[in-house]
Peer 1: 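Below you will find the structure I want to go over with you.
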Amino acid sequence: MKKLALIFAVSLAATPGWTHLPVDVVFVAVQFPDANIPTVDGNLVEWDVIPDAYWINHEQLTETVRGVGTAWDATDLALRAIVGWNPNTNKLYVMEDRFDDAIWVVTGWEPMEMIFDADHSGGMFNVWADVEDQDQKDLLHGAHAQNYGFNQGGPGLNHWGKAQWITEPPYGQFANTQTADEGGEGFFRAEYMLTPFDNLNWNGIDQSTIGSLVEGNITGFHFTIIDDDDLEIGGYEGYWTLSGATDSYFQGDLLSDFLLAPIDPDIDWASQATAEATAVEEIGWGRLKSTFAE
Ligand SMILES: [Ca+2]
Ligand SMILES: [Ca+2]
Ligand SMILES: [Ca+2]
Ligand SMILES: [Ca+2]
């Protein structure tokens, strides 16, 4: 997979002051043509036209809390994720295709925790040990980077902070499907649409600033997948980070770099599947599983 990331790592290796994580890695956000923007409905078929060079899988994640490190076990948690964008909608699109032996995303707490720092300003966006005033904390929380995910920050919260309105259209959209009941083994599939807020004020859009996603720029994004397979025990057994740093959940300096790529002429967008052609989705997973078998 890492071909594209490595290419951009080489081109950026000489850039001074580049401190984001993983070091010297730039992931690639695929650009959707205007006619091919995904429908946020939890059906992932329209992503299958995107080649695996853009995929992020669980073998690129590091478990940083429980000491598991990089001892991946695809029978416990497997992933393919893709990040995409479009300059005209000015939105980021994220796809999550997760295999889990015990899915508790909706009724438990094991989000794919996503952090979006559109202009890569960095800095703290959550957790201020020195600030005691709750109103001040509420204003700071998510102001220049936003932390999303199903049940992120607690049951029912899809944005960690008071600005829940950013997870609803026209600013955000979340949808999921799963192939097993809660607690069962199967696939949890989700799509997310996010707005690049350079300044978010939870009181409303009139007091907030939306930035611009520009082709060729590097945007800040990161995700962690929490895997909790037994709600009786309490806590979780996997905190799988893309950055390799636990503190990415509050420190914008520790997010990953994503190139807002130009349209890729090698992607056959004309063949993009529709929601009716669900068999294509299984082909995608077959390819991923074959790579693990090698
Ligand atoms: Ca879809
Ligand atoms: Ca699991
Ligand atoms: Ca920012
Ligand atoms: Ca689980």
Peer 1: A side-chain contact here means heavy atoms from C-beta on lying under 4.5 Å apart; do Arg80 and Met95 qualify?
Peer 2: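 A side-chain contact under 4.5 Å exists here.
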
Peer 1: With rounding to the nearest 0.5 angstrom, report the CZ to CD distance, Phe99 to Glu185.
Peer 2: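 Answer rounded to 0.5 Å: 3.5 Å.
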
Peer 1: Name all residues meeting the salt bridge (charged side-chain N to carboxylate O under 4.0 Å, His left out) criterion together with Glu96; count only those two or more places apart in sequence or in a different chain, and write none if there are none.
Peer 2: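 Glu96: salt bridge (charged side-chain N to carboxylate O under 4.0 Å, His left out) contacts with Arg98.
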
Peer 1: Side-chain contact, heavy-atom cut-off 4.5 Å: Ile267 with Val49?
Peer 2: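 They are in contact (side-chain heavy atoms under 4.5 Å apart), so the answer is yes.
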
Peer 1: For Tyr171, what residues pass the ring-ring contact (aromatic ring centres under 6.0 Å, His included) criterion, not counting sequence neighbours?
Peer 2: Trp165

Peer 1: For Thr64, what residues pass the side-chain contact (heavy atoms from CB on, under 4.5 Å) criterion, not counting sequence neighbours?
Peer 2: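 Thr64 satisfies side-chain contact (heavy atoms from CB on, under 4.5 Å) with Thr62, Tyr239, Thr241, Thr246 once adjacent residues are dropped.
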
Peer 1: So does Asn57 get a backbone contact from the side chain of Gln60, meaning a donor-acceptor N/O pair under 3.5 Å?
Peer 2: yes

Peer 1: Any side-chain heavy atom of Leu242 sitting closer than 4.5 Å to one from Phe27?
Peer 2: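 Yes, side chains in contact.
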
Peer 1: Quick check: does any side chain N or O of Glu59 sit under 3.5 Å from a backbone N or O of Trp72, one acting as donor and the other as acceptor?
Peer 2: no

Peer 1: With sequence neighbours excluded, what pairs up with His159 under the ring-ring contact (aromatic ring centres under 6.0 Å, His included) test?
Peer 2: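 Here the qualifying residues are Tyr148.
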
Peer 1: Can you name the residues that form a side-chain contact (heavy atoms from CB on, under 4.5 Å) with Ala245, not counting sequence neighbours?
Peer 2: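 Counting only residues at least two positions away or on another chain, Ala245 forms a side-chain contact (heavy atoms from CB on, under 4.5 Å) with Leu21, Ser243, Ser248, Leu254.
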
Peer 1: If a pair satisfies salt bridge (charged side-chain N to carboxylate O under 4.0 Å, His left out) and one of its residues is in residues 214-223, list it, with sequence neighbours excluded.
Peer 2: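 Found none.
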
Peer 1: In Å, rounded to the nearest 0.5 Å, how long is the span from CG of Leu44 to CZ of Arg189?
Peer 2: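 Going from the CG atom of Leu44 to the CZ atom of Arg189 covers 6.0 Å.
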
Peer 1: With sequence neighbours left out, write down each residue that passes ring-ring contact (aromatic ring centres under 6.0 Å, His included) with Phe125, or none if nothing qualifies.
Peer 2: none

Peer 1: Measuring only between side-chain heavy atoms, which start at C-beta, is Glu63 closer than 4.5 Å to Val65?
Peer 2: yes

Peer 1: Asn43 and Asp41: side-chain donor and acceptor closer than 3.5 Å?
Peer 2: no

Peer 1: State which residue, out of Tyr93, Trp85, Phe221, fulfils the side chain to side chain contact (heavy atoms under 4.5 Å, CB included) condition with Leu194.
Peer 2: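 It is Phe221; the other options fail the test.
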
Peer 1: For the CG atom of Asp257 and the NE2 atom of His222, what is their distance to the nearest 0.5 Å?
Peer 2: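 Spacing of CG (Asp257) from NE2 (His222) equals 11.5 Å.
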
Peer 1: In chain order, what residues pass the ring-ring contact (aromatic ring centres under 6.0 Å, His included) check against Trp47, with sequence neighbours excluded?
Peer 2: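 Phe32.
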
Peer 1: Considering only heavy atoms from C-beta outward, does the side chain of Leu61 approach that of Phe223 to under 4.5 Å?
Peer 2: yes

Peer 1: Which residues pass the salt bridge (charged side-chain N to carboxylate O under 4.0 Å, His left out) test with Asp138, sequence neighbours left out?
Peer 2: Lys162

Peer 1: Go through the structure and list residues passing side-chain contact (heavy atoms from CB on, under 4.5 Å) with Val131, not counting sequence neighbours.
Peer 2: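 Trp128, Gln136, Lys137, Leu140.
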
Peer 1: Mind listing the side-chain donor-acceptor pairs of residues 101-119 below 3.5 Å, one per line with the distance, residues two or more places apart or on another chain?
Peer 2:
unit_1	atom_1	unit_2	atom_2	d
Thr107	OG1	Glu182	OE1	2.7
Trp109	NE1	Asn151	O	2.9
Glu110	OE1	Asp228	N	2.6
Glu110	OE2	Trp104	N	2.5
Glu110	OE2	Val105	N	3.4
Glu113	OE2	Asn147	ND2	3.0
Asp117	OD1	His120	N	3.4
Asp117	OD1	Ser121	N	3.2
Asp117	OD1	Ser121	OG	3.2
Asp117	OD2	Ser121	N	3.1
Asp117	OD2	Gly122	N	2.8
Asp119	OD1	Ser121	N	3.2
Asp119	OD1	Ser121	OG	3.3

Peer 1: Could you tell me the separation between the CD1 atom of Ile210 and the CG atom of Asn90, rounded to the nearest 0.5 Å?
Peer 2: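 Taking CD1 in Ile210 and CG in Asn90, the distance rounds to 7.5 Å.
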
Peer 1: Atom CD of residue position Gln134 - does it have more than 12 heavy atoms of other residues, nucleotides or ligands inside 6.0 Å?
Peer 2: yes

Peer 1: Looking only at heavy atoms, which two atoms of Val127 and Met124 are closest? And how far apart?
Peer 2: O-CE, 2.6 Å

Peer 1: Side chains of Ile205 and Phe197: closer than 4.5 Å at any heavy-atom pair?
Peer 2: yes

Peer 1: Got a second to check how far Asp247's CG is from Asp253's CG, nearest 0.5 Å?
Peer 2: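 The distance works out to 11.0 Å.
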
Peer 1: Has the side chain of His20 got a donor or acceptor atom that lies under 3.5 Å from a matching backbone atom of Val25?
Peer 2: no

Peer 1: Side chains of Leu157 and Gln164: does their closest heavy-atom pair fall under 4.5 Å?
Peer 2: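 Yes, side chains in contact.
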
Peer 1: State whether Arg66 and Asp227 are salt-bridged, where the test is any N-O pair (Lys NZ or Arg NE/NH1/NH2 against Asp/Glu carboxylate O) under 4.0 Å.
Peer 2: no

Peer 1: Drop me the distance from Leu259's CG to Ile218's CD1, to the nearest 0.5 angstrom.
Peer 2: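 Nearest 0.5 Å value for the CG-CD1 distance: 4.5 Å.
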
Peer 1: For the residue pair Pro22 and Ser256, establish whether any side-chain heavy-atom pair is separated by less than 4.5 Å.
Peer 2: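 Yes, at least one pair of side-chain atoms sits under 4.5 Å.
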
Peer 1: Can you tell me if Asp181 has over 12 outside heavy atoms packed within less than 6.0 Å of its CG?
Peer 2: no

Peer 1: Taking side-chain contact (heavy atoms from CB on, under 4.5 Å) as the definition, give me every residue that meets it alongside Asp34, ordered by chain and number, with sequence neighbours left out.
Peer 2: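 Asp34 satisfies side-chain contact (heavy atoms from CB on, under 4.5 Å) with Asn86, Asn88 once adjacent residues are dropped.
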
